[in-house]
Structure formats: C-alpha cells, structure tokens
Amino acid sequence: MANSKDAISIDTPPEHVAIIMDGNGRWAKRRGLARLQGHRSGVDTVKRIVKAADIQGINYLTLYSFSTENWSRPREEVGELMNLLKMFIRKDLAELHQRNVRLKIIGDRNTIPNDIGPLLLDAEALTKDNVGLTLIIAFNYGSRDEIKRAMQTIATKVANGELKADEIDNETISNHLDTSGIPDPDMIIRTSGESRLSNFLMWQAAYSELIFVDCMWPEFTGDSLKEAIIEFNSRNRRYGGLEDKKPKEVSK
Ligand code: IPE
Ligand code: IPE
Ligand code: MG
C-alpha cells in the first residue's frame, strides 16, 4: 500500500532492535476492556512487528514478553500471559519457520511452568538452522537474574580450575549470558511513555540508543518502527570516543 513514509530512505537499519512492549493494560483500560484484551491485542502487534522488522532488514529482534518481576501480578493475569505465549508458539511457529525466522528464548528456564519448557525447546530446535530474522523472546527474563546465573556458572568454573579469576573479561561475561553469540542491541525501544529499562538487557544495553515512544504497545505499527529507525540513524554513537562509529568498528 502506498504510504508517505515509504518514500523516506531509512538507509542502514540497526542490526539488533530490542523492544520493551509496554502498555497493554493501559490500552485496554482506556477502552473499558479487561487487561487480557490488551495482552491479546499486544500479540497482534508482535506478529505485525516481526514482519515489519524483517522488511526493514533488521537481523535480530528481541521482544520483552514476561519479566522475572511479572510473577507478582495477579495469578489470573499471569496465567493469561502464559497461555498467550503457548498459543503464539502453537499457532504461529509454522509460519515463522516458513518465513525462515530463527527463534531463541532468553530467560530462566528452571522456573517456568512444566508445559512451557519443552514447547520452547522444540520451537528453538525446529528453527535453529533458519537464516532469516533471529527473533529473541525474553520470557521469564530479568537482567539481574541473568547476570546472577552467569556469575554462578563462572564461579563454578573458577572453583573447578577451568577458568582463572584474572582471565575474566567483558567477553567472558557476555559469553555466559543468555544472549551469548547475539550482538548487543543497537537500539532499545520502549512503548507506553515510561522511560526505564525495567531489568531488561542491562549489561547488553551499555551503548544502545534508547528510544521512548508514547503510544501503547497495541498501537505500535510498522511506521512507528520506521520512525524509530530514522531517529536511530540521526543519533551520533561515540562509545566514549570522539567520532561517530558503527557498532562493527567497536571492539568488545
Ligand atoms: C506489557 O503491558 C506486557 C507485560 C508486561 C507482560 P503491561 O501489562 O505492563 O501494561 P501496563 O503497563 O499495565 O499498561
Ligand atoms: C516491563 O514492563 C516488562 C515487559 C514489558 C515484559 P512492566 O510493565 O513489567 O514494567 P514496570 O513495572 O512498569 O517497570
Ligand atoms: Mg507495564
């Protein structure tokens, strides 16, 4: 469909875009709907944005779907969020696979419901050789929890003599996080007008460009993504130096 924004060149897209999908509840409340309706509508946005990210040439898309702190919500809402994830994997995996999407899940696998773990493993196994967009779902994810688990693994290796304490560097830590092998996000978008990370990718976000948009997640569109990319491309990334650099020029 013809669209005025199609005419805008957005040249190089960021390699990795991460999104804090926030505002489902408020979106529903404003319409007099139950929060569940907001989460359902949020899943439609997920499908739309996965397609849009692919079209924009983004290689990695990370979506924050459930945090380690979200367990503190009412039991019913937690159950609904679990069901939506299960339904998404059951109903939409085939299409993602067909579109060459590689699915990866980050977050703590040890504290998720028994019926979800195998579903996630199967989804990853099915799509592991796909070479299109890598879609990373952050589920039961918290940055502090991820760093804690990485520290535990590293400490065990040091105790076993597999690793020396003074050999631990930034790369060692990155390689022990759930995101090992995935480049750091170039841009992190948060919807709903909140300006915080809420325990999302705190190690990886060291030099990410942060973009906060006012719309609620169910209202976020392909054009919103395009606008964020245009904003990203107007930013000057210096990584502590004096010149604008592209991520690939930055050594870890
Ligand atoms: C984001 O929407 C989805 C999750 C955190 C699972 P919210 O449910 O946080 O919506 P608000 O912030 O209450 O509007
Ligand atoms: C962050 O949103 C988590 C997800 C989007 C999954 P929250 O709604 O949980 O964050 P806070 O509570 O407003 O910080
Ligand atoms: Mg919220």
Side-chain angles (χ1 to χ4, degrees), residues 16-50 52-53 60-89 91-92 103-109 111-113 115-116 119-120 123 135-149 177-179 182 185 187-205 208-221 224-225 228:
H16 183 177
V17 174
I19 309 183
I20 302 170
M21 312 185 286
D22 196 20
N24 293 348
R26 276 163 285 170
W27 178 87
K29 196 175 172 199
R30 282 174 196 175
R31 280 162 183 75
L33 301 169
R35 291 181 61 86
L36 169 65
Q37 297 301 123
H39 295 311
R40 280 195 185 141
S41 183
V43 176
D44 293 337
T45 308
V46 167
K47 294 178 199 168
R48 183 159 78 222
I49 295 308
V50 170
Y60 297 86
L61 175 69
T62 300
L63 300 177
Y64 200 6
S65 82
F66 190 86
S67 78
T68 44
E69 286 69 39
N70 287 147
W71 293 107
S72 66
R73 295 189 179 198
R75 209 185 149 99
E76 196 193 11
E77 179 166 348
V78 170
E80 284 161 354
L81 289 166
M82 297 294 140
N83 276 335
L84 285 177
L85 177 78
K86 281 190 268 184
M87 264 156 57
F88 176 72
I89 303 251
K91 284 173 59 187
D92 297 290
L103 197 68
K104 192 172 159 50
I105 288 79
I106 57 172
D108 185 11
R109 302 285 177 103
T111 53
I112 57 176
D115 57 341
I116 294 190
L119 214 57
L120 301 183
L135 173 62
I136 301 138
I137 309 265
F139 174 71
N140 193 25
Y141 176 86
S143 209
R144 288 182 171 174
D145 174 72
E146 178 192 38
I147 293 170
K148 177 202 74 183
R149 286 183 286 106
L177 296 174
D178 297 346
T179 49
I182 297 167
M187 157 163 93
I188 297 181
I189 302 171
R190 181 174 188 145
T191 56
S192 91
E194 309 291 355
S195 313
R196 55 177 172 264
L197 283 178
S198 300
N199 207 8
F200 187 49
L201 301 177
M202 293 189 309
W203 170 273
Q204 299 87 336
S208 304
E209 293 299 327
L210 307 180
I211 297 193
F212 299 106
V213 295
D214 282 335
C215 75
M216 301 296 144
W217 177 245
E219 298 159 342
F220 194 78
T221 63
S224 319
L225 180 67

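Along the sequence shown, the residues carry numbers beginning at 1. On a predicted model such as this, the values are computed, not experimentally measured, just so you know. One-based numbering, in listed order, for ligands and for the atoms of each.
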* To do: Starting at CD1 of I116, measure out to CZ of F139 and round the result to the nearest 0.5 Å.
  => 4.0 Å
* Asked: For atom 10 (O) of ligand 1, what's the nearest protein heavy atom and its distance?
  -> G25 N, 2.9 Å
* Asked: Are any of the heavy atoms in R26 under 4.0 Å away from ligand 2?
  -> no
* Closest approach of any protein heavy atom to atom 9 (O) of ligand 2, naming residue and atom -> N70 ND2, 2.9 Å
* Stepwise side chain to side chain donor-acceptor pair (under 3.5 Å) test for S67 and N70 -> CA-CA 5 Å; S67 78; N70 287 147; 3.2 Å; yes
* Asked: Is it the side chain (CB and beyond), the backbone, both or neither of R35 that lies under 4.0 Å from ligand 1, heavy atoms counted?
  -> side chain
* What orientation do Y64 and Y141 show, parallel under 30°, tilted 30 to 60°, or perpendicular over 60°? -> perpendicular
* Check for a donor-acceptor pair, side chain of N83 on one end and backbone N or O of E80 on the other, with a separation under 3.5 Å. => no
* Hey, is ligand 2 close enough to Y64 that some N/O pair sits below 3.5 Å? -> no
* Could you tell me whether the Mg ion (ligand 3) has an N, O or S atom of E194 under 2.8 Å away? => no
* So, the side chain of N140 versus the backbone of D108: is there a donor-acceptor pair under 3.5 Å, distance only? -> yes
* To do: Report yes or no: does H39 have a heavy atom closer than 4.0 Å to ligand 1?
  => yes
* Structure fact -> Looking at D22, the N/O/S atom that lies nearest to the Mg ion (ligand 3) is called OD1
* Asked: Quick one: nearest non-hydrogen protein atom to atom 14 (O) of ligand 2, plus distance?
  -> S198 OG, 2.6 Å
* **R144 CZ: over 12 foreign heavy atoms closer than 6.0 Å** => no
* To do: Looking only at protein heavy atoms, identify the closest one to atom 12 (O) of ligand 2 and say how far it is in Å.
  => R196 NH2, 4.6 Å
* Quick one: look at F66 and ligand 2, take heavy-atom pairs under 4.0 Å, and tell me if it's side chain, backbone, both or neither. => backbone
* Structure fact -> Nearest non-hydrogen protein atom to atom 1 (C) of ligand 1, with distance, is M21 O, 2.9 Å
* Please report which non-hydrogen protein atom sits nearest to atom 2 (O) of ligand 2, along with the residue it belongs to and the distance in Å to one decimal place. => R190 NH2, 3.6 Å
* Is a salt bridge present between D145 and R149, judged by a nitrogen-to-oxygen distance below 4.0 Å? -> yes
* Asked: Near E69 CD, under 6.0 Å, is it more than 12 heavy atoms from other residues, nucleotides or ligands?
  -> yes
* Structure fact -> Of all heavy-atom pairs linking G38 and A28, the shortest is N-CB, 3.7 Å
* Asked: Salt-bridged, E194 to R26, with N to O below 4.0 Å?
  -> yes
* NZ of K47: more than 12 outside heavy atoms within 6.0 angstrom? -> yes
* To do: Give a yes/no verdict on whether any heavy atom in S192 is under 4.0 Å from an atom of ligand 1.
  => no
* Look at ligand 1 and say whether R73 reaches it with a heavy atom at a distance under 4.0 Å. => yes
* **Heavy-atom nearest neighbour in the protein, as seen from atom 6 (C) of ligand 1, with distance rounded to 0.1 Å** => S65 O, 3.4 Å
* Asked: At a 4.0 Å cut-off, with the gap strictly under it, does some heavy atom of K29 reach an atom of ligand 1?
  -> no
